Chemist: 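Encoded as structure tokens, here's the structure I'll be asking about.
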Number of protein chains: 2
Amino acid sequence: MKWTDLPNEGCSVARTMSVLGDRWTLLILRDTLFGIRRFDDIQKRLGITRHVLSDRLKRLEAHGLLERKPYQQRPLRHEYHPTQSAKDFVPVMQAMTGWAQAHLPTDKPEPYRFLDRETRQPTAPKVIDTNTGTEITSTSIWVEANRD
Amino acid sequence: MKWTDLPNEGCSVARTMSVLGDRWTLLILRDTLFGIRRFDDIQKRLGITRHVLSDRLKRLEAHGLLERKPYQQRPLRHEYHPTQSAKDFVPVMQAMTGWAQAHLPTDKPEPYRFLDRETRQPTAPKVIDTNTGTEITSTSIWVEANRD
DNA sequence: TTGACTCAGTTCTGTTTTGGAACCTATCTA
DNA sequence: TAGATAGGTTCCAAAACAGAACTGAGTCAA
């Protein structure tokens with residue numbers, strides 16, 4: 001396995017890393033999901049260098065996670081909107097958030113929170129197995145090499 | 001926000017990136033969870049340079065995700081075992097795998113698979129909200145700034 | 001109609017990180 | 001004694017990154 005071969009790996013975790021495996025990409029995606037969609041706004045919020053941000057936005061667009069949409073003519077300017085693919089990553093981010101709250105604790109409050117759209121109550125994410133309906137935990141599952 | 005400040009961010013996604021936000025770290029973690037726990041084995045499987053692997057293993061140990069355990073004396077040699085923290089990341093990896101299968105398709109088969117420990121059937125992960133019991137999707141949730 | 005300002009980048013330079021290969025150390029085996 | 005095994009460390013060159021300056025289209029206000 002080589003870094004440049006990751007996009008063609010059979011392993012889904014490896015393919016995910018080929019898209020999101022760097023310092024900034026997921027944070028950019030998070031910001032666009034939170035409604036921050038313009039170049040300068042993202043740059044100022046993250047403190048990322050403009051040059052790297054420019055590159056990451058292009059990569060995310062090429063991978064189908066962001067879409068450039070004009071928000072004004074004269075001068076023509078674009079916003080970066082999350083696609084369905086990016087939106088479908090939200091549950092992963094939620095699971096990640098649950099993990100970090102348990103294992104990387106901090107005093108500071110979460111700057112954003114996810115609410116149930118109907119009840120407007122904060123969500124408490126957990127990963128379950130659709131087949132059995134039970135929660136997936138480190139002890140409930142078994143990993144084995146796949147022989148398809 | 002700066003890269004070096006990430007560990008102290010309130011945002012859980014940012015703190016997760018401070019630990020796992022690079023090319024290799026999550027792949028190393030994945031291998032240890034799949035039972036590959038020795039330096040040379042990880043190095044050969046991933047094709048990562050030894051020097052970077054050495055650094056990442058130290059970081060993962062420092063962050064409490066891996067534990068060095070001797071597997072022989074004379075000469076003293078260690079294996080890297082996933083801690084509870086690392087094991088608790090498995091559901092996140094599962095959610096990630098579900099996302100990649102949907103949005104980064106490939107012809108190649110998944111090299112490993114997750115089975116339910118009791119039924120020995122492959123798991124179909126989904127993220128639900130413990131409060132409402134409903135699946136968390138991009139349309140079921142609402143994101144807002146947190147004013148605690 | 002000149003000058004300042006906005007936004008979205010690109011370009012430049014210097015530092016940090018990474019890749020690739022070689023080397024080191026302790027021990028066991030032929 | 002020579003070679004193999006395992007787990008690193010050291011060195012150099014290449015790539016990625018940070019920080020700052022610059023560009024360019026257009027607006028606005030004096």
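Computed from a prediction, not measured in an experiment: that's the story for all the values here. First the proteins, then the strands, lettered A, B, ... as listed; each starts at 1.
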Chemist: Measure the distance from CE on Met1(A) to P on dT18(C) and round it to the nearest whole Å.
Modeler: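 Going from CE in Met1(A) over to P in dT18(C) covers 17 Å.
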Chemist: Starting from P on dT9(D), measure out to CG on Leu53(B) and report it in whole angstrom.
Modeler: 10 Å
Chemist: Within the 4.5 Å heavy-atom criterion, are Glu110(A) and Gln101(A) side-chain neighbours or not?
Modeler: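 Yes, close enough: below the 4.5 Å cut-off.
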Chemist: Which of residues 27-47 of chain B have a heavy atom under 4.0 Å from DNA chain C?
Modeler: none
Chemist: Measure the distance from CZ on Arg59(B) to P on dT17(C) and round it to the nearest whole Å.
Modeler: 10 Å
Chemist: Determine whether a donor-acceptor pair (N or O, by modelled atom type, separation under 3.5 Å) exists between the side chain of Thr106(B) and the backbone of Asn8(A).
Modeler: no
Chemist: Go nucleotide by nucleotide along DNA chain C from the 5' end; which of Tyr71(A) and His51(B) gets its closest nucleotide reached first?
Modeler: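 Its nucleotide being nearer the 5' end, the pick is Tyr71(A).
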Chemist: List in chain and number order the residues that pass ring-ring contact (aromatic ring centres under 6.0 Å, His included) with Trp24(A), two or more places apart in sequence or in another chain; answer none if no residue qualifies.
Modeler: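 Applying ring-ring contact (aromatic ring centres under 6.0 Å, His included) to Trp24(A) gives none.
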Chemist: Is the backbone N or O of Pro75(B) less than 3.5 Å from a side-chain atom of Gln72(B), with the two atoms forming a donor-acceptor pair by type?
Modeler: yes
Chemist: With distance as the sole test, does Arg120(B) use its side chain to make a donor-acceptor pair with the main-chain N or O of Leu115(B) at under 3.5 Å?
Modeler: no
Chemist: For Ser54(B) and dG7(D), is the shortest distance between a side-chain N/O and OP1 or OP2 below 4.0 Å?
Modeler: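 No, no such contact exists.
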Chemist: Separation of Tyr80(B) atom OH from dA6(D) atom C1', in whole Å?
Modeler: 11 Å
Chemist: Within the structure, does a side-chain N or O atom of Arg50(A) lie under 4.0 Å from either OP1 or OP2 of dC12(C)?
Modeler: no
Chemist: How do Arg68(A) and Ile48(B) order along DNA chain C: which one's closest nucleotide is nearer the 5' end?
Modeler: Arg68(A)
Chemist: Could you tell me whether the phosphate oxygens of dG8(D), OP1 or OP2, come under 4.0 Å of any side-chain nitrogen or oxygen in Arg56(B)?
Modeler: no
Chemist: If you compare every side-chain N and O of Lys58(B) against the phosphate oxygens of dG7(D) (OP1, OP2), does one of them come in below 4.0 Å?
Modeler: no
Chemist: Tell me the interatomic distance from Gln72(B), atom CD, to dC28(C), atom C1', rounded to whole angstroms.
Modeler: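 Value for this atom pair: 10 Å.
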Chemist: If the threshold is 4.0 Å, N to carboxylate O, is there a salt bridge linking Arg45(B) and Asp31(B)?
Modeler: yes
Chemist: Could you check whether Arg38(B) makes a cation-pi contact with Tyr71(B), meaning its NZ or CZ is under 6.0 Å from the centre of the six-membered ring and within 45° of the ring axis?
Modeler: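 Satisfied, under 6.0 Å and within 45°.
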Chemist: To the nearest Å, give me how far apart CG (Asp55(A)) and C1' (dT10(C)) are.
Modeler: 12 Å
Chemist: Whole Å only: how far is the CH2 atom of Trp3(A) from the P atom of dG19(C)?
Modeler: 9 Å
Chemist: When we call it a touch if two heavy atoms are under 4.0 Å apart, what does Arg77(B) touch: a base, just sugar-phosphate, or nothing?
Modeler: base
Chemist: Check the phosphate of dT18(C) against Lys2(A), side-chain N and O only, distance under 4.0 Å to OP1 or OP2. Yes or no?
Modeler: no
Chemist: Given atom CH2 of Trp24(A) and atom P of dA16(D), what is their separation to the nearest angstrom?
Modeler: 17 Å
Chemist: Can you work out whether Arg23(A) or Arg74(A) has the more 5'-proximal nearest nucleotide on DNA chain D?
Modeler: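 This one resolves to Arg23(A).
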